[in-house]
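Shown next, in structure tokens, is the structure this report addresses.
Each chain gets a letter, A, B and so on, in the order the sequences are listed, and its residues count up from 1.
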Protein chains: 2
Amino acid sequence: MTRVSRRASNRREKQQRILTAAIQVFAEMGYSAATMERIAEAAHLSKPTLYQYFDSKDALFKAMMSAPRDRMMEVFDTPESTNHVAQLLSFARAYADIVMRPEYLSLARLIIGEAQRFPDVGRAYQASGPDRVLDRLITFMEAQKACGALQFDDAELAAQDFWGLILSAPRNRALHEPDNLPSAAQTARYVENGVRVFLKAYGVNSAQDLEDLAKLLNR
Amino acid sequence: MTRVSRRASNRREKQQRILTAAIQVFAEMGYSAATMERIAEAAHLSKPTLYQYFDSKDALFKAMMSAPRDRMMEVFDTPESTNHVAQLLSFARAYADIVMRPEYLSLARLIIGEAQRFPDVGRAYQASGPDRVLDRLITFMEAQKACGALQFDDAELAAQDFWGLILSAPRNRALHEPDNLPSAAQTARYVENGVRVFLKAYGVNSAQDLEDLAKLLNR
DNA sequence: CAAAAACTTTACTCATCAGTAAAGTTTTTG
DNA sequence: CAAAAACTTTACTGATGAGTAAAGTTTTTG
């Protein structure tokens with residue numbers, strides 16, 4: 001005699017299973033090539049049951065795409081540090097960890113590939129992922145400027161530059177070549193270089209920052 | 001009595017028309033949603049005729065994708081200048097001009113969206129576009145290091161950084177939001193900022209470089 | 001345990017689309 | 001200029017897949 005009826009919780013659980021299956025199948029095949037039959041199979045239920053949960057393929061796709069997906073914001077779940085160098089490094093590493101995961105890349109490919117046919121999906125993703133990360137980065141940059149650690153005119157450009165320096169070329173390659181992802185070591189090399197170059201260009205006291213960074217990198 | 005038979009030249013012209021139509025339709029709809037009927041229509045001929053030129057949808061797609069498309073290398077069709085600042089600026093502008101064009105973005109979305117199902121298409125694109133540009137940039141970077149204008153340990157990282165600084169955030173947004181492209185003025189702002197930051201981090205004599213850049217930007 | 005609600009299955013409809021057969025048209029060549 | 005060759009079109013075939021109807025099965029709950 002559960003308080004929340006078993007039926008209702010089953011329903012929620014199944015809905016979740018469908019969404020998980022959908023994300024897998026859509027990401028693997030693309031919107032058009034994915035079939036409802038296959039999604040049903042992956043969710044371990046039948047097509048008509050699937051249609052009890054979502055009215056159409058389109059509706060399922062949109063529901064799946066607008067399900068909360070805050071992975072990218074995990075970037076900021078790092079212990080606050082008083083040192084801006086350590087903080088930039090940990091942002092950069094967390095960002096790389098998330099963004100270079102195969103599932104995350106598959107999702108990005110799907111969104112980009114369907115951006116023309118599903119403009120609101122693309123917009124929603126941009127708003128809930130990159131834009132939010134950028135906002136937080138801008139806030140961070142401004143704080144560092146205020147306390148005299150970084151210098152720049154335009155915080156938005158500074159934030160974008162930080163971002164662009166970290167992974168842009170390897171991530172682009174990864175989007176084009178799903179089965180040729182860089183190793184963790186290679187990714188680390190790009191990330192560390194990105195932070196180094198950012199500090200060189202934006203640090204008030206770059207020489208000191210680079211020394212600090214070198215120390216952090218040698219444990 | 002034409003030397004090259006009328007039939008043969010018609011054939012070549014029609015093949016070209018098909019490839020052009022294919023690129024349009026595929027880029028707009030994606031591989032699966034594009035129909036051979038629609039491509040035929042766009043090429044002003046009928047489906048069976050289309051099949052005389054290409055054996056299958058798959059073959060047409062691959063042929064279209066491996067047609068020479070050297071747009072990106074146009075980046076380097078700029079007058080050689082003795083000044084590395086002017087040269088970097090003109091690379092950056094040429095790159096932005098090409099890469100932010102709607103057709104080029106559509107093609108990139110298509111390639112990324114189908115990268116999982118057509119891995120060789122993704123690989124071929126990476127090899128003939130980004131990789132070639134990167135190679136040329138590396139060569140350039142090394143020459144500038146040799147003549148004492150730039151400093152760095154790793155030319156590949158320097159080239160990637162230059163690239164990442166120019167357009168990475170706005171281009172990513174453009175991939176997600178096809179109908180929210182930045183204006184020419186906005187793009188110019190990103191590009192100019194990118195060059196500035198690159199010089200600050202990599203220039204042997206950054207102060208002078210930044211002055212040179214400022215002069216170039218004010219005509 | 002019985003009524004009901006949820007779920008599954010079988011077995012469809014209908015539309016779309018890759019690919020083709022065969023008839024019709026144009027171009028080439030003897 | 002006429003017959004052959006190449007090309008194009010109209011009108012199909014067959015497969016696939018979105019979505020559904022209706023009958024049968026399990027699970028939940030009173």
_Just the rounded figure in Å: distance from P of C:dT26 to CG of B:Leu45._
16 Å
*Hey, does the side chain of B:Thr35 come within less than 4.0 Å of C:dT16's phosphate (OP1/OP2), counting only N and O?*
no
*Got A:Leu60 and A:Tyr53 here, is their nearest side-chain heavy-atom distance under 4.5 Å?*
no
*How long is the line joining CZ of A:Arg12 and C1' of C:dA6, in whole Å?*
16 Å
*Figure out the CZ/P separation between B:Arg11 and C:dT26, and round it to whole Å.*
18 Å
*asked:* The side chain of B:Pro48 is closest to which nucleotide in this list: D:dA11, D:dA18, D:dT8?
replied: D:dA11
*Given side chains that start at C-beta, do those of A:Asp161 and A:Phe152 come closer than 4.5 Å, heavy atoms only?*
no
*asked:* Is it the case that the base of C:dG19 and the side chain of B:Lys47 share a donor-acceptor contact (distance under 3.5 Å, atom types as modelled)?
replied: yes
*At under 4.0 Å between heavy atoms, what does A:Tyr53 touch on the DNA or RNA strands: base, sugar-phosphate, or nothing?*
sugar-phosphate
*Rounded to the Å, how far apart are B:Glu13 CD and D:dC7 C1'?*
14 Å
_Length of the line joining B:Glu37:CD and C:dA18:P, which is rounded to integer Å_ = 9 Å
_Without decimals, in angstroms, what is the distance between A:Phe61 CZ and D:dA18 P?_
14 Å
_Member of A:Val195, A:Leu199, A:Asn83 meeting the side-chain contact (heavy atoms from CB on, under 4.5 Å) criterion with A:Leu89_ = A:Val195
_Nucleotide D:dT8, atom P - distance to CZ of B:Phe54 in whole Å_ = 13 Å
*For A:Ser46, report the nucleic acid contact type (base, sugar-phosphate, nothing); a contact means any heavy atom under 4.0 Å.*
base
*With a 4.0 Å cut-off on heavy atoms, is A:Ala34 in touch with a base, just the backbone sugar-phosphate, or nothing at all?*
sugar-phosphate
_Ring of A:Tyr31, cation from A:Lys57 - is the NZ or CZ under 6.0 Å from the centre and inside 45° of the axis?_
yes
_Once you apply a heavy-atom cut-off of 4.0 Å, does B:Gln52 come out as touching a base, just sugar-phosphate, or nothing?_
base
*Counting only Watson-Crick or G-U wobble pairs whose two distances fall under 3.5 Å, which nucleotide matches D:dC12?*
C:dG19
_Complementary nucleotide of D:dC7, counting Watson-Crick and G-U pairs under 3.5 Å_ = C:dG24
_Using ring pair (Phe, Tyr, Trp, His ring centres under 6.0 Å), reason through B:Phe140 and B:Phe91 one step at a time and then give a plain yes or no._
CA-CA 11 Å; B:Phe140 172 81; B:Phe91 282 175; 5.0 Å; yes
*Look at the side chain of B:Lys57 and decide which nucleotide, out of C:dC7, C:dG19, D:dA18, has an atom nearest to it.*
C:dG19
*Proximal nucleotide (of D:dT8, C:dC7, D:dC7) relative to the B:Lys14 side chain*: D:dT8
*asked:* Rounding to an integer number of Å, can you tell me how far A:Tyr31 OH sits from D:dA18 C1'?
replied: 10 Å
